[in-house]
Structures are given as structure tokens and as C-alpha cells.
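The next block holds one structure in the form of C-alpha cells; read it before the comments.
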Amino acid sequence: MIPLVKNVFFKEKGTKKKLCRFIEKTDALSFGKECEKFENSFALWQNRKHAVFFNSGSSANLAILQTLLNLGTIKRGDSVAFSALTWATNVMPIIELGLKAIPVDVEIETLNVSSRTFKSATEKNPIRVLFITHLLGFCGDMEKIQSYCKEKNILILEDTCEALGTVYKGKKLGNFGLASTFSFFAAHHLSTIEGGAVCTDDPKLARMLKIVRAHGWDRNLGEDGQKKIRKEFGVSDSLYAKYTFYDLGYNLRPTEISGFLGNAQLSHLNTIVKKRESNFKKFAEAIYTRTDLYYPIQSNHLDVISNFAFPIICKTKEIRDSIIEACNKKVEIRPIVGGDMTKQPFFKKYMKGSQIINSTSSLIHEQGIYFGNNPDLSNSDIKILISIFSHDYKKN
Ligand SMILES: Cc1ncc(COP(=O)(O)O)c(C=O)c1O
């Protein structure tokens, strides 16, 4: 059986050994130097000024919206548009924080929101924020989306949890908006087992993200940052200074174990991206050319494609069902991420009437599947995958 996730880490054995030694020699394993080192290195890798490390990508999504609310950049009731084809915790924080979640349909050629689908969504609703997902390492025409958002004063947040390392028009995804979120869950590009981050160039946002991450207090702002905020709020009582809660927050902190793993895996990230891209190209050449069976997905607009799974959108449900049968006990497959969010019970419960009629997201929900694109796939795994997915299902 070829699983969705072959290994928890790249260079798994060595990484686990190093992790055991690190735990043995480290006293306090709560947020500390390893996490801060990872934040600095990850910001550099991503070409952004700040990276704030979280305990998951879901936490990063929740924190960036809470941060914008705390800063007054957005207010409860504002409309936040999101890609209808995404993961639940891209949408849930929008609803949880009293914002209006507006689904935006995707294009069949890219699986992603385009300037066309976004413009059509804004015709019906005034949008304050576009929280766009770069699904499975692909993206839409981001430069056009960017200029439209600038014209309409719409903030862009990028959920980059599935696209770490993809480069579009010379820029890594996650660099097209005010802030971008990342996931370091084991099945994603870079694993800290569980983990996430928010990247931004805005120092005010980075400061509030750290306050939101840890109880609303100032512990992780550094000495200068603490002096500044205490002065701003007139906090002089030395006993209470460390127990002053400045704004709404949570406890979304990662541990030093995650920080250590982030640092260890980051040194392999370029190799990981290259391997996945090389696998992707082999699969695309053999599988997307079967246009009688599948909708081809475009990647030639990308300078680098970095995905952890290979998506296939079948032309009919019958083809999809034949593939599910052919994969039985041989290849682990699953739907395209979380499918069309507007079909999910939570969305119907809280956002009644917000469905998109006859959407492409719905077609992908019904007819799409993916298998894992791991850097550790062997040549024989790749051969098996290609033979299963390029089989002539129409003749069966
Ligand atoms: C698009 C997207 N956003 C957010 C998340 C949440 O990340 P995490 O699993 O680290 O909480 C995921 C997870 O798969 C995702 O695919």
C-alpha cells in the first residue's frame, strides 16, 4: 500500500535520533530559543520580515483574524471571502469570530480562485478581506487578484498551508498579501509534527500576533517590546507587569520540540521541494495527458510547483469509482482536501443560503481525488501510481 504520508520527517531516522538527544539535554521544553531561531530562519526563507510560530496552521488562521480584529483593521460583521474548495479551519475562524464567510468558486484548470471568480463574488457582497487558499501548491492569477483588491481596498490574507515553496511570477506564494499562514503538520511540506506560522512584513501585526498567541500578554515581545507596551499602557507595577493581559488572545504556542524539528527540517526544505516537483512532473506528463479521463490541471504558469499531493479530477463519477476500486489496498487516496466547504454540515448550519449554484468546487468535490506526493516515493512507487492512474478506465 502506498500511503498518503510515507514518513513523518524527511531523513526520518536521523531526525528522530537527533530529537531524542535534544530532549534529553534540554530542561524547559516550552516556547524558547529553538522556536525563536526557527521564526527568524523561516522568515528569511520565505523572504518576509516576520514569522510568528504557532502550534498549527489552524491556529495561525484563527490568530491572524483575531489580530486584525484586535487592531481594529476589521470589525465583527465584515465579509471575509474564502476559496470554496479548501480546508475547514480556513473557514471556521471566520464564522467563530463573528465575521461573514463568503465562498468564492474556483477554476477547473487551476483548482484555485481566479480574478474572474473573485470579481463575480464581490458583485453580490462588499468584501473587506480575501482569505485565499493556494490549493495543493497551485494558484490563480494572483497579480490580477492583487491589483483588483488594491483598487477595491480589500485586504489579502493567503492560506499557504498547502503551497509552501511554490513560486509564481518570481515570488514565493505567501508574499502576495498583508499576511500569509503556513502549516507544518506531518503530512505537509515541512513537518514539525504539528505546527504553523504567520508571515508578514508589518511589525504591528507581528507584535499583536505574539500577544494573541500567548494569553494576550507581552512575554514574547522581547525586552524592548515589553518596555514599550508597558509604557503605552502605563504598567509600572513590577509584580503585575508579567500578568497584564493587553488584548484578546489564546494559548496557541508551539513547544521547543516543534522549534527543534523546524530548524532540522528547514535545512532540507529546498531538497524536499525539488523532489516533490520532480515527482509532480512525472505524474503530470503521464496522467494529465489522459484528457479523455481527467480535466488537465495547469502548472505552466508557475516557476516552481510545490505540492504534497497529486490531484486528479475525473471527467465522470464512473471513472472516479473505477479508480477508487483500482486503488483498493494498493494506494491510499482521499477527496480533494476538504472538498466544497459549502456542502459541509457546519457551513450549512452557520451560513445558511451562502451556497454557490452549479459551482466548479462542487464538481471537484464529487469527482476529485488525490494521492500523496512524497519526497520519499521510490521509482517503483511512481511506476505503480502512473500505471494505476493512466489505465484505460473507459474500456472497463
Ligand atoms: C488549506 C489549509 N489550511 C489550513 C490547514 C490547517 O493546518 P493544520 O493541520 O496545521 O492545523 C490545512 C490543513 O491541512 C489546510 O490544508
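The figures that follow rest on heavy atoms only: side chains count, while hydrogens, waters and symmetry mates do not. This structure is a prediction, so every number in the text was calculated from the model and none was measured. Whatever order the structure lists them in is the order used to number ligands and atoms, beginning at 1.
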Under 3.5 Å side-chain donor-acceptor pair for T133 and N90: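 Looking only at side-chain atoms, N90 and T133 do form a donor-acceptor pair, the distance falling under 3.5 Å.
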Between N70 and Q66, a side-chain donor and acceptor under 3.5 Å: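 Short answer, yes.
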Which of the ligand 1 atoms, numbered from 1, are nearer than 4.0 Å to a heavy atom of G195: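 Ligand 1 atoms under the 4.0 Å threshold to G195: 10 (O).
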Enumerated ligand 1 atoms positioned under 4.0 Å from heavy atoms of T133: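 Reading through ligand 1 atom by atom, the close ones are 1 (C).
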Relative to ligand 1, is [X] under 4.0 angstrom through side chain, backbone, both or neither, heavy atoms considered?
{"X": "H188", "result": "side chain"}
{"X": "N61", "result": "side chain"}
{"X": "C161", "result": "side chain"}

S58-ligand 1 polar pair, N/O distance under 3.5 Å: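 Looking only at distances, the answer is yes, because the N/O contact criterion of under 3.5 Å is met.
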By side chain to side chain contact (heavy atoms under 4.5 Å, CB included) - contacts of T166 (at least two apart):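 Counting only residues at least two positions away or on another chain, T166 forms a side chain to side chain contact (heavy atoms under 4.5 Å, CB included) with A163, L173, L302, S306.
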E232 and R207 ion-paired at < 4.0 Å: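 Salt bridge between E232 and R207, a charged N being under 4.0 Å from a carboxylate O: yes.
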Pair K172 + E158: basic N to acidic O under 4.0 Å: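 Looking at K172 and E158, the cut-off is not met.
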ring-ring contact (aromatic ring centres under 6.0 Å, His included): pairs with one or both residues in residues 332-358, sequence neighbours excluded: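 Of all non-adjacent pairs touching residues 332-358, those that pass ring-ring contact (aromatic ring centres under 6.0 Å, His included) are F82-F347.
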Min heavy-atom dist A187 to ligand 1 below 4.0 Å: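 Distance cut 4.0 Å: A187 fails for ligand 1.
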Residue and atom name of the nearest protein heavy atom (relative to atom 1 (C) of ligand 1), distance in Å to one decimal: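 Here the nearest protein heavy atom works out to E162 OE2, 3.2 Å.
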Closest protein heavy atom to atom 12 (C) of ligand 1, given as residue, atom name and distance to 0.1 Å: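 Checking every protein heavy atom, the shortest distance to atom 12 (C) of ligand 1 gives W87 CD1, 3.4 Å.
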R48, R253, R213 screened by salt bridge (Lys or Arg N to Asp or Glu O under 4.0 Å) with E39, the one that passes: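 Testing E39 for a salt bridge (Lys or Arg N to Asp or Glu O under 4.0 Å) against R48, R253, R213 leaves exactly one candidate, R213.
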Nearest neighbour of atom 3 (N) of ligand 1 from the list I193, N90, D159, T181, on a heavy-atom basis: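 Going through I193, N90, D159, T181 one by one, D159 has the nearest heavy atom to atom 3 (N) of ligand 1.
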